[in-house]
Amino acid sequence: MSKTADNPDISLQDPSRWKALVFIALAQLMVVLDATIVNIALPHAQLDLGISDGNKQWVITAYALAFGGLLLFGGRIADLWGRKRTFVVGLLGFAAASALGGAATGEAMMFGSRALQGAFGALLAPAALSLLAVMFTDAKERAKAFGIYGAIAGGGGAVGLILGGVLTEYLNWRWTFFVNIPFAIIAAAGAYFVIREPAGTRNRSTLDIPGVVLSTLGLVTLVYGFTRAESAGWSDGLTVSMFIASAVLLAAFVFTESKVKSPLLPLRVLTERNRGGVYLSLGLAIIAMFGLFLFLTYYLQIVKGYSPVMTGFAFLPMIAGMIVGSTQIGARLMTRVAPRLLMGPGFLVAGTGMLMLTQLEVGSSYAGLILPAQVLLGLGMGTAFMPAMSLATHGVRPEDAGVASAMVNTSQQVGGAIGTALLNTIAASATTAYITSHAAGATNQKLLQAQAMVHGYSNAIWWAVGILVTAGTIAFTLINTGRPGAGSVTAASGDGVEDEVKIPVVAH
C-alpha cells in the first residue's frame, strides 16, 4: 500500500490500537494519580505509622528519587526488552509495591514501598508513551490519541487530589495505595491480550552501564537537592553539595554519551530543536503547575476551611479545562496548524489564569476568582500538553522511542521537584517577611497568619506567571516544525542522517 503525507504507513497500523489506548491511558492515569493522591493522605499515614515530622517528607521523596532517577534507564529497557513486556512488568510491580505500601506497619516499610513504586513507575511511564508513538502512525489518529494521553497527563494530578480526599475521608489512608491494584491488574491484563508491538522497533544494542550509573546518580542528586532545599534551605551545605555533585555527574553523563558506541541517551534525541524545545518548555510549565497545586490545596484547606473532599472537588474546573483543551482544541487543531501555535498560546493562556491568582486574598471568592482562573489554566495547559506529548517523539528513530519518551517524563518529574521546592521556598520567605513587618500593629494574630500565608502564595504565583511566559517564549522560538503530515515521511534523526521511520514525522 502506498504512503501519503497525511496518512503514512497505513498498512502498519494495529487494528486493536484504540483498545490498547484504553489500557495505556489507564496505566498513565494510575502513575499520575499516585504523584498527588498520597499528599492528601500523608497526615493520617504519618500519625498511624509514627513517622516523625523530620522523616515525613520521605514518603514523597522516596518515590520522586526512584522515579526521576531511573526514568532514562526505564526508557532504554523498554527499547531493548520490548515496550509491551516492560509495560506489563511495570504495572504488576507497581501493583505489588502499592499493596506493600497499603499494608505498611512502620516507616521503613512505607519508604521502601514508595521507592519500589517509583522504580516500577520508571519502567511503566516511558513504555506507555513510546507504545503510543509506535502504534499510532496516522497523523489525525495520532493527534486524537495524544489528546487523550495529554489530558490524562495534565489533569491526573488534580484527579488525585479528589480521589485522595474521598478515600482518606470515607475509608482510610491505606486505600490511597490499595486503589492502584485494580487499576494495574486491569491495565496489565488488557495490555497482555490487546497490545501488539510493531516489529522491528527494538533497540538491541548493548546496555550502556556507565550511562545508567551516571544518569541515575545525577538525576537522584538533582531531585534530592531541590527536595532538601525546601526543608533545609538553599544555603544548606548538603543542599549545595547535591547541586554541585549533580552538575558534575550529569556533565560526565553527557560526555560519556558522546563517546560510547551504544549510548543510553543518544544525544540526537536531545539536540533536535523541536524535541529539545518540548522537554524544556514542558519542564518549566510543570514547575509552575506543581507549585500551584500545593498553594491552592493549602489555601482552600487552611485559609478557607475546606475539607479534603471539598478541596479535591474545587479542582474540577481545572480538570474540565484540561480535558477540553486537550481533546477539543489541541487534538482538533494539531493536524491543521503548527505545534508552536498551540503550545506557545497555550502556555500564555495558562499564564493569564495564573496571573489572576496573584490577586488572591483571605476573603477571595471561589466563583469570582479561583474558578475562572482554573478554567484558563486548564484550557491553556491542555492545549499545550497535547502537541507536546506528540512532539516528544518527533522524527525519532523507532528504536529510540522509549528513551525519547522517558525524557518527557524526566522533564516533568524534575520540573515537579523544582516547582515544589522553589515556589514553596519563595512563598515561605515572603510569609515570614510579611509577619515581621506587620506584627507590631496586628490585633488579630490568626488573621495576620492567614494574610501572611496568602501574601506568600501570591508572591510565589508571580514567579509561576514568569515561568509560564518563559515556557511560551521557548515554545514559540525553538519549535519550528510544521503541522503533521505537511511533508515527506523521511526525517533527520538529529545527527544529520535521514531515516525512514515507522512513526509519523513532522515536516520542517
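All of these numbers come straight from a predicted model, not from anything done at the bench.
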- Pair W234-T239, side chain to side chain donor-acceptor pair (under 3.5 Å): steps then yes or no: CA-CA 6 Å; W234 295 92; T239 302; over 6 Å; no
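- Note that CG of L468 is 10.0 Å distant from CD1 of I287, once rounded to the nearest 0.5 Å.
- Looking only at side-chain heavy atoms (C-beta outward), L71 and L219 stay at 4.5 Å or farther from each other.
- No donor-acceptor pair closer than 3.5 Å links the side chain of R275 to the backbone N or O of L270.
- In summary, of the residues considered (W173, F177, F178), a ring-ring contact (aromatic ring centres under 6.0 Å, His included) with W175 occurs for F178 alone.
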- Message: The test is side-chain contact (heavy atoms from CB on, under 4.5 Å); show your working for L49 and T105 and say whether it passes.
- Response: CA-CA 6 Å; L49 300 179; T105 54; 5.5 Å; no
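- Scanning all heavy atoms of the two residues, the minimum distance from A95 to A184 falls at CB-CB, 3.6 Å.
- Between F295 and Y299, the ring centre distance reaches or exceeds 6.0 Å.
- The ring pair (Phe, Tyr, Trp, His ring centres under 6.0 Å) check on F73 picks up nothing, with sequence neighbours excluded.
- Donor-acceptor pairing under 3.5 Å is recorded for the side chains of S98 and Q117.
- In terms of modelled atom types and a separation under 3.5 Å, the side chain of R340 and the main chain of A475 share no donor-acceptor contact.
- Under the 3.5 Å distance criterion, the side-chain polar atoms of S246 are left unmatched by any main-chain donor or acceptor of M242.
- Between S364 atom OG and K304 atom NZ the span is 6.5 Å, to the nearest 0.5 Å.
- Using a 4.5 Å heavy-atom cutoff, the side chains of V220 and L217 are not in contact.
- With N274 contributing its side chain and L391 its backbone, the two residues share no donor-acceptor pair below 3.5 Å.
- Note that CD1 of I467 and CD1 of I286 are 12.0 Å apart. Values are rounded to the nearest 0.5 Å.
- For the pair L377 and M354, the minimum side-chain heavy-atom distance is below 4.5 Å.
- I461 CD1 to L355 CG: the interatomic distance, rounded to the nearest 0.5 Å, is 10.5 Å.
- Between Y306 and Y366, the ring planes are tilted. Angles from 30° to 60° get that label.
- The shortest heavy-atom contact between L423 and W463 is CD2-CB, 3.9 Å.
- Taking every heavy atom of both residues into account, A104 and M109 meet most closely at CA-SD, 3.6 Å.
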